[in-house]
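The structure appears below as structure tokens.
Every chain is numbered from 1 and lettered A, B, ... according to where its sequence line falls, protein lines coming before strand lines. Computed from a prediction, not measured in an experiment: that's the story for all the values here.
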Protein chains: 2
Amino acid sequence: MSSTPDTATRILDAAAELFASRGYAGTSTRAIADLASVNEVTLFRRFENKAGILQALGARMAQRQAGHAAAAAPDSEDVRETLLRLARMEIAGALEGGGLALRLAFDATTVPEVAELLGEGIPGNLDGLAEFMAEHQATGELRSDIEPHVMAEAFFGLTSSYVMYRMVMGVGAPPSDVATDKGIEQLFDLFWSGASASETTSVMEEKR
Amino acid sequence: MSSTPDTATRILDAAAELFASRGYAGTSTRAIADLASVNEVTLFRRFENKAGILQALGARMAQRQAGHAAAAAPDSEDVRETLLRLARMEIAGALEGGGLALRLAFDATTVPEVAELLGEGIPGNLDGLAEFMAEHQATGELRSDIEPHVMAEAFFGLTSSYVMYRMVMGVGAPPSDVATDKGIEQLFDLFWSGASASETTSVMEEKR
DNA sequence: TGTGTATGCAAGTAAGCACTTGCACGCATA
DNA sequence: TATGCGTGCAAGTGCTTACTTGCATACACA
């Protein structure tokens, strides 16, 4: 019997699924073991403790997040396309973990292990996008009568509520393909019509 | 020593606060008793069990929700004002419980008592608003190239993410006064600019 | 004063949970 | 064949939790 990565991966997959649906505290090590089809004691042999499983999951998520961020790097000057691609990327990343990131954000308020894992991730994302918004307000693509932070919040509110409604509340179905989903594009279009500057909006009116 | 409503109210207030911040399962009856400054056994004397506390809270929330809905009844034909008032009402109601409703929506996926309490509340709200949207697409106030359900989702996504960022993730501060908050109005304006029909948008452009 | 009610205190019960320990088995390798 | 490694099984430990039980005290009211 060899030490294959298979057992650890099975444990992490099971933990990801259960943490996403039940939260960290609401998931027992026994449940993880059952779903992974291993003996409970094996969890503790492969990871120091329950928090160790969470940390390994966090490292895996960070790895995938880095991959997604590289894929979303802007290769054109078009603000709309950049934001749409970012929206799809955010949604895809969040759906990939079965809503785990969103669940962990909730759990971070009460579970020390989770809070430690997440650190200050979320506000940083908001700040970065607000800067992006401010730049493109200055260059005229985005309307400038709305605070950049408000715009960034509306954007991330769109992506996070999309995931929350589907993965948490069971409203609607997850998309078969995030990259081409029409519903995502319509949601984004609502945002974009509201956020873009007046001339850009006029151009879009002709397109309709 | 008289049986005043005070003890039960103190218990419910304490439970609301703790359920909102820790979730139902993450809140112990001992913690509720401590926060309410009563002996733990008193909880079981006033409410049959922990789930009974939750049910009493649900009844209280439903009562307040009914009060809010009456306050938001449309008394004009203006769609924008109606939706803005509804947005403020949704946000005020959600903030009032310290984010409890949102927390319970999460907990409903894994805790049977919570799921039973919430029933089918949320999709119903979405459907109702989608009908409202469809009506006003037909009469020309709202653009008609976006599905009504998508519009309704964008609207409730706005309100729920507003609450989530502030009550759960600690991004930004809760408003001092929902009825007059400029941030809420800007967020709504972003939505409205995207959702309204072209002529209405043009009128707004002159206003800017 | 006697009775009824609400509440506190203390001890206890049964179940669940994260984790530990000892033994045994199966597989791979030298 | 002997050794090392990974894993399963079973029992166990100490702690937490929702809830119960018995006794006692304080207050209101007839």
Legend entry - Asp189(A) vs Arg143(B), side-chain contact (heavy atoms from CB on, under 4.5 Å): CA-CA, chis, key distance, verdict: CA-CA 12 Å; Asp189(A) 195 38; Arg143(B) 61 194 277 192; 2.7 Å; yes

Inset, instruction - Before giving the answer on salt bridge (charged side-chain N to carboxylate O under 4.0 Å, His left out), spell out for Arg88(A) and Glu185(A) the whole-Å C-alpha distance, their side-chain angles and the decisive distance to 0.1 Å. - result: CA-CA 9 Å; Arg88(A) 292 197 197 270; Glu185(A) 190 152 348; 3.0 Å; yes

Inset, instruction - To the nearest Å, give me how far apart CG (Asn49(A)) and P (dT20(C)) are. - result: 8 Å

Inset, instruction - Mind running a 4.0 Å heavy-atom check of residues 32-41 of chain B against DNA chain D and sending the residues that fall below it, in number order? - result: Glu40(B), Val41(B)

Inset, instruction - Give a yes/no on whether any side-chain N or O of Thr7(B) is located under 4.0 angstrom from OP1 or OP2 of dT7(C). - result: yes

Inset, instruction - State, without any angle test, whether Tyr24(B) and Glu113(B) hold a side-chain donor-acceptor pair at a distance under 3.5 Å. - result: yes

Legend entry - Near-strand residues of residues 52-61 of chain B, defined as heavy-atom separation under 4.0 angstrom from DNA chain C: none

Inset, instruction - Just say parallel, tilted or perpendicular for the rings of Trp192(B) and Phe188(B), cut-offs at 30° and 60°. - result: parallel

Legend entry - Separation of dA6(C) C1' from Phe47(B) CZ (nearest whole Å): 14 Å

Inset, instruction - Rounded to the nearest angstrom, tell me the gap between atom CG in Leu18(A) and atom P in dC17(C). - result: 12 Å

Legend entry - Whole-Å distance separating the CZ atom of Arg30(A) from the P atom of dT20(C): 18 Å

Legend entry - Arg60(A) and Asp13(A): CA distance, side-chain angles, deciding distance, salt bridge (charged side-chain N to carboxylate O under 4.0 Å, His left out) verdict: CA-CA 10 Å; Arg60(A) 197 170 77 164; Asp13(A) 289 344; 2.9 Å; yes

Legend entry - Nearest-0.5 Å distance, CD of residue Glu96(B) to CE of residue Met61(B): 9.5 Å

Legend entry - Exam field: side chain Gln186(B) to backbone Glu147(A), donor-acceptor pair closer than 3.5 Å: yes

Inset, instruction - Check the distance between dG8(D)'s P and Arg46(A)'s CZ and give it to me in whole angstrom. - result: 10 Å

Inset, instruction - Could you tell me whether a side-chain N or O of Thr27(B) sits under 3.5 Å from a main-chain N or O of Leu18(B), the two making a donor and an acceptor? - result: yes

Inset, instruction - Starting from P on dG6(D), measure out to CZ on Phe44(A) and report it in whole angstrom. - result: 18 Å

Inset, instruction - Without swapping roles, check the side chain of Gln137(A) against the backbone of Ile146(A) for a donor-acceptor pair under 3.5 Å. - result: yes

Legend entry - Spatial distance of atom CD1 (Ile184(B)) from atom OH (Tyr162(B)) [nearest 0.5 Å]: 4.0 Å

Inset, instruction - Would you check if the side chain of Thr159(A) reaches a backbone N or O of Phe156(A) as a donor-acceptor pair within less than 3.5 Å? - result: yes

Inset, instruction - Could you state the atom-to-atom distance from NZ of Lys50(B) to C1' of dT16(D) in whole Å? - result: 12 Å

Legend entry - Which residue lies more 5' along DNA chain C, comparing Ser28(A) with Thr42(B) via nearest heavy atoms: Thr42(B)

Legend entry - Whole-Å distance separating the CZ atom of Arg22(A) from the P atom of dA18(C): 11 Å

Inset, instruction - Mind grabbing the angle between the end helix axes of the helix from dT1(C)-dA30(D) to dA30(C)-dT1(D)? Five pairs an end, 10° rounding. - result: 0°

